[in-house]
Amino acid sequence: MQAVMKVLIVDDEPLGRMRLRRLLTGLPDISVAGEADNGQQALAAVDSLQPDVVLMDIRMPGLDGLSAARELAERPLAPAVIFCSAYDEYAIEAFEANAIGYLLKPVNQDKLLQALAKAQRLSRPQLASFSEGVAQAGGARSQLAAKSRRGIELLPFAQARYFIADHKYVTVFHTGGELLLDDTLKELEDEFGARLLRVHRNALVVLEHIQGLERIELGQYRVKLHNILHGPVVSRRHLPDVRKLLEQL
């Protein structure tokens, strides 16, 4: 028998809390453990109610949702946090605070169910391990906030293979396709450091997935990457450095 998932609703607007409660009512194996209307109340409610998931608004008086989520992330066996916000500009900060989902208001029940299903797959020890991993990596994210037709998605960095800059956008190519990021290549280099290798002025590859080079035409080469059909082209300028690195692997 599957355990019931306890959900805490945090929103400073009563109508927002009422809507989320209505969406959750009647869903199998889910119960609303309680409500809070700001971040400080949320922290106290987590201590007393021990929910499995917190549905958290971001803009709230006093302690906001991001600050509350960061405090929760430092606790052992913290609940999973899913942000429910009317604003999409906080997605990057939300996932840096270890959120596992970011839903835009008005929250769609299908997307809410998907986020809760993801939370159900992540046990509390797994979430704690994820938090430790971020800290040990010097603050680098384990997951990237990406845009798709479905909205904001969370992509594990382990699935990323390479990044291409095209005008003002950066596309991450991963084992399941491609997604748009708000990060620049420079920001990614600064954050992930030696885990990334520049192979072109507009391309970075994830070093640990490089398998070699393949020749595509006279004088041109493409990076071969694990679990992906085609990697990016290597510029003539960067080719000597890539070859030298491959000799050391």
Please round to the nearest 0.5 Å and tell me the distance separating atom CD of Glu214 and atom NE2 of His230. 7.0 Å
Indicate if Val170 and Val233 have the same hydrophobic cluster label, given that clusters are the connected sets of ILVMFWY residues with side-chain heavy-atom separations under 4.5 angstrom. no
Given the options Ile58, Val54, Val53, Met56 meets side-chain contact (heavy atoms from CB on, under 4.5 Å) only with Val54
Is the closest side-chain heavy-atom distance between Glu35 and Arg21 below 4.5 Å? yes
Provide the closest heavy-atom pair for Ala33 versus Leu49 in the form atom of the first, atom of the second, distance. O-CD1, 3.6 Å
Does Leu103 share a hydrophobic cluster with Met18, counting links as ILVMFWY side-chain heavy atoms below 4.5 Å and allowing steps through other members? no
Beyond-backbone contact of Thr171 with Asp166, side-chain heavy atoms, under 4.5 angstrom: no
Could you check whether any side-chain heavy atom of Val234 comes within less than 4.5 Å of a side-chain heavy atom of Val223, counting everything from C-beta outward? yes
Are side-chain heavy atoms of Asp190 and Lys186 found at a separation under 4.5 Å? yes
Where do Lys105 and Cys84 come nearest, in terms of heavy atoms and distance? CE-O, 3.3 Å
Please evaluate residues Leu27 and Gln109 with respect to the criterion side-chain contact (heavy atoms from CB on, under 4.5 Å), reporting the C-alpha separation (whole Å), side-chain torsions for both, the decisive distance (0.1 Å), and the verdict. CA-CA 10 Å; Leu27 293 180; Gln109 189 175 50; 4.0 Å; yes
Shortest non-hydrogen pair, Phe83 vs Ala69, comes out as CZ-CB, 3.5 Å
Test ring-ring contact (aromatic ring centres under 6.0 Å, His included) applied to Tyr90 - qualifying residues, sequence neighbours left out: none
Atom of Arg236, atom of Pro240 and distance for their closest heavy-atom approach: O-CD, 3.4 Å
What distance do Ile210 atom CD1 and Arg161 atom CZ have between them, rounded to the nearest 0.5 Å? 11.5 Å
Quick check against the 3.5 Å criterion: does Arg198 have a side-chain atom that pairs as donor or acceptor with the backbone of Arg201? yes
Quick one: do Ile82 and Leu55 satisfy side-chain contact (heavy atoms from CB on, under 4.5 Å)? Show the steps, please. CA-CA 5 Å; Ile82 299 169; Leu55 299 180; 3.8 Å; yes
Determine, step by step, whether Leu196 and Val206 satisfy the side-chain contact (heavy atoms from CB on, under 4.5 Å) criterion, reporting the C-alpha distance in whole Å, the side-chain angles of both residues, the deciding distance to 0.1 Å, and the verdict. CA-CA 5 Å; Leu196 298 178; Val206 182; 3.9 Å; yes
Heavy-atom check, side chain of Leu112 versus side chain of Leu24, under 4.5 Å: yes
Check whether any side-chain heavy atom of Val10 sits under 4.5 Å from a side-chain heavy atom of Asp57, and report yes or no. no
Could you tell me which non-hydrogen atom of Leu213 sits nearest to which non-hydrogen atom of Arg243, and how far apart they are? CD1-CG, 3.9 Å
Give a yes or no on whether Ile216 and Val242 share a hydrophobic cluster (residues Ile, Leu, Val, Met, Phe, Trp, Tyr; joining criterion: side-chain heavy atoms under 4.5 Å apart). no
Answer with yes or no whether the hydrophobic clustering places Leu207 together with Tyr221; edges join I, L, V, M, F, W, Y residues whose side-chain heavy atoms lie under 4.5 Å apart. yes
Just grab all the ring-ring contact (aromatic ring centres under 6.0 Å, His included) pairs involving residues 169-215, residues at least two apart or on different chains. Phe157-Phe192, Tyr162-Phe173
Salt bridge (Lys or Arg N to Asp or Glu O under 4.0 Å), that's the test. Do Arg70 and Glu93 meet it? Break it down for me. CA-CA 10 Å; Arg70 292 188 190 104; Glu93 292 177 83; 3.7 Å; yes
Would you indicate whether the side-chain heavy atoms of Val46 and Pro79 approach each other to under 4.5 Å? yes
Say you draw a straight line from CG of Leu66 to CD of Glu71; how long is it, rounded to the nearest 0.5 Å? 12.0 Å
Measuring from atom CD of Gln143 to atom CG of Leu154, what distance do you get when rounded to the nearest 0.5 angstrom? 3.5 Å
Using a 3.5 Å distance criterion without hydrogens, assess whether the side chain of Glu191 forms a donor-acceptor pair with backbone atoms of Glu187. no
Report yes if the side chains of Asp37 and Pro14 come closer than 4.5 Å at any heavy-atom pair, otherwise no. no
What's the separation between atom CZ in Arg17 and atom CD1 in Ile9, rounded to the nearest 0.5 Å? 9.0 Å
Mind checking the NZ-CG spacing from Lys6 to Asp29? Nearest 0.5 Å is all I need. 14.5 Å
Might you point out which heavy atoms bring Ser31 and Val4 nearest each other, and give the distance in Å? OG-CG1, 3.6 Å
